[in-house]
Amino acid sequence: QVQLVESGGGLVQPGGSLRLPCAASGSIVSISAMGWYRQTPAKQRELVATITSGGITDYANSVKGRFTISRDNAKKTVYLQMNGLKPEDTAVYYCKMDVRISFATTWSNRWGQGTQVTVSS
């Protein structure tokens, strides 16, 4: 059973920083792309940042220059470093990974359970 677990969320003041790790566990033979998404009650889930297996990154315009995505393949973990946080960054943040559980199976998307980030003074 593959499981993704996010952590690191919490309450932070505007201008502050948080680092979100997301670790995968279970029977995984390979991980391709990893990414972070966020959702609020008023909006659909939106892409925040992605990183390919080769380390190529992509960001939503709203977070460029403030957020940094990185990965540690040995630890099966993706990170989101968030600096210069704004109240509009408040959301539940979800990680996603494209994984293979065996070389005989196809790739599948797996999601974490989400971690709340609240930016408020």
Undergrad: As a test of understanding, state which of N109, I31, T77 forms a side-chain contact (heavy atoms from CB on, under 4.5 Å) with M97.
TA: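 That would be I31.
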
Undergrad: Enumerate the salt bridge (Lys or Arg N to Asp or Glu O under 4.0 Å) contacts for residues 67-90, please, sequence neighbours excluded, ordered by first and then second residue.
TA: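 Only R38-D89, R66-D89 qualify under salt bridge (Lys or Arg N to Asp or Glu O under 4.0 Å).
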
Undergrad: Please answer whether the main-chain N or O of G9 pairs with a side-chain N or O of T115 as donor and acceptor at a distance below 3.5 Å.
TA: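 Looks like yes, one N/O pair under 3.5 Å.
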
Undergrad: Please tell me whether V92 and V117 are part of a single hydrophobic cluster in this structure, the criterion being side-chain heavy atoms less than 4.5 Å apart.
TA: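 Not linked; separate clusters.
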
Undergrad: Transitively linked via ILVMFWY side-chain contacts under 4.5 Å: V78 with L18?
TA: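 Result: yes, single cluster for both.
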
Undergrad: If you round to the nearest 0.5 Å, how far is CD of Q1 from CD1 of I101?
TA: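 One gets 9.0 Å once the value is rounded to the nearest 0.5 Å.
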
Undergrad: I'd like to know if V99 and Y79 are part of one continuous hydrophobic network [Ile/Leu/Val/Met/Phe/Trp/Tyr, side-chain heavy atoms within less than 4.5 Å].
TA: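 No, it is not one cluster - the side chains of Y79 and V99 are not joined through contacts under 4.5 Å.
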
Undergrad: Is I28 linked to I51 within one hydrophobic cluster, defined over Ile, Leu, Val, Met, Phe, Trp and Tyr using a side-chain heavy-atom separation of less than 4.5 Å?
TA: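 Both belong to a single hydrophobic cluster.
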
Undergrad: Verify the cluster assignment for Y37 and L80: are they in a single hydrophobic cluster under the rule of side-chain heavy atoms below 4.5 Å apart?
TA: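 No: no chain of side-chain contacts under 4.5 Å links Y37 to L80.
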
Undergrad: With distance as the sole test, does E6 use its side chain to make a donor-acceptor pair with the main-chain N or O of Q113 at under 3.5 Å?
TA: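 It does hold such a pair.
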
Undergrad: For W111 and Y94, take the angle between the two ring planes, folded into 0 to 90°, and tell me which bin it lands in: parallel under 30, tilted 30 to 60, perpendicular over 60.
TA: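 W111 vs Y94 ring planes: perpendicular.
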
Undergrad: Kindly state each residue pair satisfying salt bridge (Lys or Arg N to Asp or Glu O under 4.0 Å) with at least one member in residues 95-116, sequence neighbours excluded.
TA: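 For residues 95-116: none.
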
Undergrad: Between CG of L11 and OG1 of T118, what distance do you get to the nearest 0.5 Å?
TA: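 The OG1 atom of T118 is 6.0 Å from CG of L11, to the nearest 0.5 Å.
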
Undergrad: What are the two closest heavy atoms between S121 and P14, and how far apart are they?
TA: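 That would be N-CD, 3.7 Å.
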
Undergrad: Indicate the atoms forming the closest heavy-atom contact of N83 with S17, along with that distance.
TA: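 Taking every non-hydrogen atom into account, OD1-OG, 2.9 Å.
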
Undergrad: Starting at CD of Q44, measure out to CD of Q39 and round the result to the nearest 0.5 Å.
TA: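 It is 8.0 Å, given to the nearest 0.5 Å.
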
Undergrad: Taking T90 for its side chain and V119 for its backbone only, find out whether a donor-acceptor pair lies under 3.5 Å.
TA: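 Flag set: sc T90 to bb V119 pair under 3.5 Å.
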
Undergrad: Quick check for you: to the nearest 0.5 Å, what is the distance between L85 atom CG and S120 atom OG?
TA: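 Interatomic distance, L85 CG to S120 OG, rounded to 0.5 Å: 12.0 Å.
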
Undergrad: Looking at residues at least two apart in the chain, or sitting in another chain, which of them share a ring-ring contact (aromatic ring centres under 6.0 Å, His included) with Y59?
TA: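 In terms of ring-ring contact (aromatic ring centres under 6.0 Å, His included), with neighbours along the sequence ignored, Y59 is linked to no residue.
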
Undergrad: Might you point out which heavy atoms bring W36 and L20 nearest each other, and give the distance in Å?
TA: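 Heavy atoms only, the tightest pair is CZ2-O, 3.4 Å.
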
